[in-house]
Amino acid sequence: MSAENPDLAIAQAATLKPITEIAERAGVPAEALVPYGTHKAKVDVRRMTPTGRTGRLVLVSAMSPTPAGEGKSTTTVGLADAFSLQGHRTMVALREPALGPIMGIKGGATGGGHAQVVPMEDINLHFTGDFHAIQIANNTLAALVDNHLHQGNALNIDPRRIQWKRVVDVNDRALRKITIGLGGPAQGVPREDGFDIVVASEIMAVLCLATDLEDLQARIDRIVVGFTYDRDPVSVADLGVGGAITMLLKDALLPNLVQTLGGTPALVHGGPFANIAHGCNSLAATRLALSLADITVTEAGFGSDLGAEKFLDIKSRLGGLSPDAAVVVATVRALKMHGGVAKADLAAENIDAALAGTANLARHVQNMRRFGIEPVIALNRFPTDTDTELEAVLGWAREQGFRAALSEVWAHGGEGGLAVAEQVLAAIEHDRPDFHHLYDPAAGVEETLRTLAREIYGADDVVFEDRAPAQLRMLKRNGWDTLPVCVAKTQYSFSDDPTALGAPTGHVLHVRDLVPKIGAGFVVALTGAVMTMPGLPREPAALRMGLTESGESVGLF
Ligand code: ADP
């Protein structure tokens, strides 16, 4: 096994079961299975008879992460394998990785070590083509908007107020702001445009929240592409192209079935950003898993302030989900970072700093409690952690009365997750989850943002600056003021300042823009500098990638 790249080496060494066997284990009937080769399949939910059952739902979130990630996907997969080992009928529901970041710093998103979903290379690269379909659907709509301008602009669209951008699944900073339509009348109408990464497309959010094809088309029809010269919204329905866009997404709407290294059936489907979108896998996949398994383990992006809050306030509200338990992943290195240690020194033992960083973790626990869920802290053990550090953190959790257990799934797979699994089951049984949403959107976007800022981010207040005051008026004018709010905020801090680590208080949330995502059914509130098209670093991971002589990938992680 390559010491440099354990995730890929472990995944490549694994013997995978045929996907038909995994489907049988999951309870997916043969007639609903659409195999993509031997180890991947789509599940055609329309060919299944509803089971009428709903299993337990366990949501995995994390403390505010370091840039490397704290092991949410790893913990999600390992915890599911632990439940399987205990004899529970279990499924995992995860997001699909975005390709752009894989070439940069972050690597893939299939878990790590002995807790991965496989085939790892396929899932991290083109998989079953869902993201490509979303990309083409998004860009077809962009082309149709520009064609409408070129062909006489019957809808009176103001080219300066088009909010529908193009997308590509590459971290390509040069495409953030572009000018299109140059070269004379035959080349279209010149205007400013730009590219986002695919996971930032509203089509991605729409696909992940749609209950079926009909709902998908209804949501696509509602997407607002821009505004007229009179400031009236222009929707996909006005353009009359909702049918074509939905047609391009027909197969992408079907959940993808794969397996974990422990042989647990896994649905890996959809992948919206956790800042400008809601950050969790598709509702279709979560519902399918819940209808088949006794326990479904799922993950929401970033920490309790972003992915988990949106899972609970947006996805659960729309999809009628009610989580039974939550896990907050913590690591000694993230605790040390929140305790003031510089990135370069995170590997050295520092118990005081780890304990100082618990302020951040404690607030994530309190946040989950605000939704009526008593979470379990999964302390994800890294090879550089010392026993003294781990014991100090677990001792602190005991003193606080928090449920906590060591997670060693990266090193030992499902066996390493049994302690966390037991705590989760105990929480379901003894702590009696009483799930409720944090806010009622009927209070209006301003009030919702105040509630989020005060209760989840520890802020004193919200200021609306730049375009936000005018956007608030626009939302009210169009009847969009009572939609749930999806906050785009840095994942590194509870505040909108990525350098404010720990558990900051007394700060103010700066909302600078409010973007209606009417197809998805929420309003995005942009705070701080949130990037919708990332760039590549000085030394992109792509430099270390390639194929061996026998055609195996190297350099993926
Ligand atoms: P997240 O979902 O929080 O972004 P991941 O589960 O994707 O995090 O893990 C990020 C990276 O960290 C992966 O490369 C994974 O292999 C690695 N990792 C996770 N947990 C551990 C651990 N306990 N020890 C060593 N590496 C780990």
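Order of appearance sets the numbers: ligands from 1, and atoms from 1 within every ligand.
- A donor-acceptor contact shorter than 3.5 Å is absent between the side chain of Tyr439 and the backbone of Pro484.
- Between the side chain of Arg176 and the backbone N or O of Phe195 there is no donor-acceptor pair closer than 3.5 Å.
- A salt bridge links Arg369 to Glu374: at least one charged side-chain nitrogen sits closer than 4.0 Å to a carboxylate oxygen.
- Counting protein heavy atoms only, atom 6 (O) of ligand 1 is closest to Thr74 OG1, 2.6 Å.
- Nearest non-hydrogen protein atom to atom 10 (C) of ligand 1 is Ala68 O, 3.6 Å.
- With a heavy-atom cut-off of 4.0 Å, Glu70 touches ligand 1 through its backbone alone.
- The pair Lys165-Asp196 meets the salt-bridge criterion, with a side-chain N (NZ, NE, NH1 or NH2) lying under 4.0 Å from an Asp/Glu carboxylate O.
- For atom 17 (C) of ligand 1, the nearest protein heavy atom (residue, atom name, distance) is Trp410 NE1, 4.2 Å.
- Atom 1 (P) of ligand 1 has its closest protein heavy atom at Lys72 N, 3.4 Å.
- Scanning all protein heavy atoms for the shortest distance to atom 12 (O) of ligand 1 gives Phe382 CZ, 4.3 Å.
- Remark: ligand 1 atoms within the under-4.0 Å shell around heavy atoms of Asp7 are 13 (C), 14 (O), 15 (C), 16 (O).
- Counting the atoms of ligand 1 from 1 in the order shown, those under 4.0 Å from a heavy atom of Pro383 are 24 (N), 25 (C).
- Here the side chains of Ile377 and Val420 are not in contact, with every heavy-atom distance at 4.5 Å or above.
- From the protein, the heavy atom lying nearest to atom 23 (N) of ligand 1 is Arg381 O, 2.5 Å.
- A salt bridge is absent between Arg56 and Asp294; no separation between the charged side-chain nitrogens and carboxylate oxygens falls under 4.0 Å.
- Among residues at least two apart or in separate chains, side-chain hydrogen bond (donor to acceptor under 3.5 Å, both in side chains) pairs with a member in residues 405-418 are Arg381-Glu408.
- For Glu299, the closest heavy-atom approach to ligand 1 falls below 4.0 Å.
- For ligand 1, one of its N or O atoms has an N or O atom of Gly71 under 3.5 Å away.
- The side-chain tip of Arg95 does not point at the ring of Phe127 from less than 6.0 angstrom away and within 45° of straight on.
- In terms of polar-atom proximity, defined here as any N/O pair under 3.5 Å, Asn380 does make such a contact with ligand 1.
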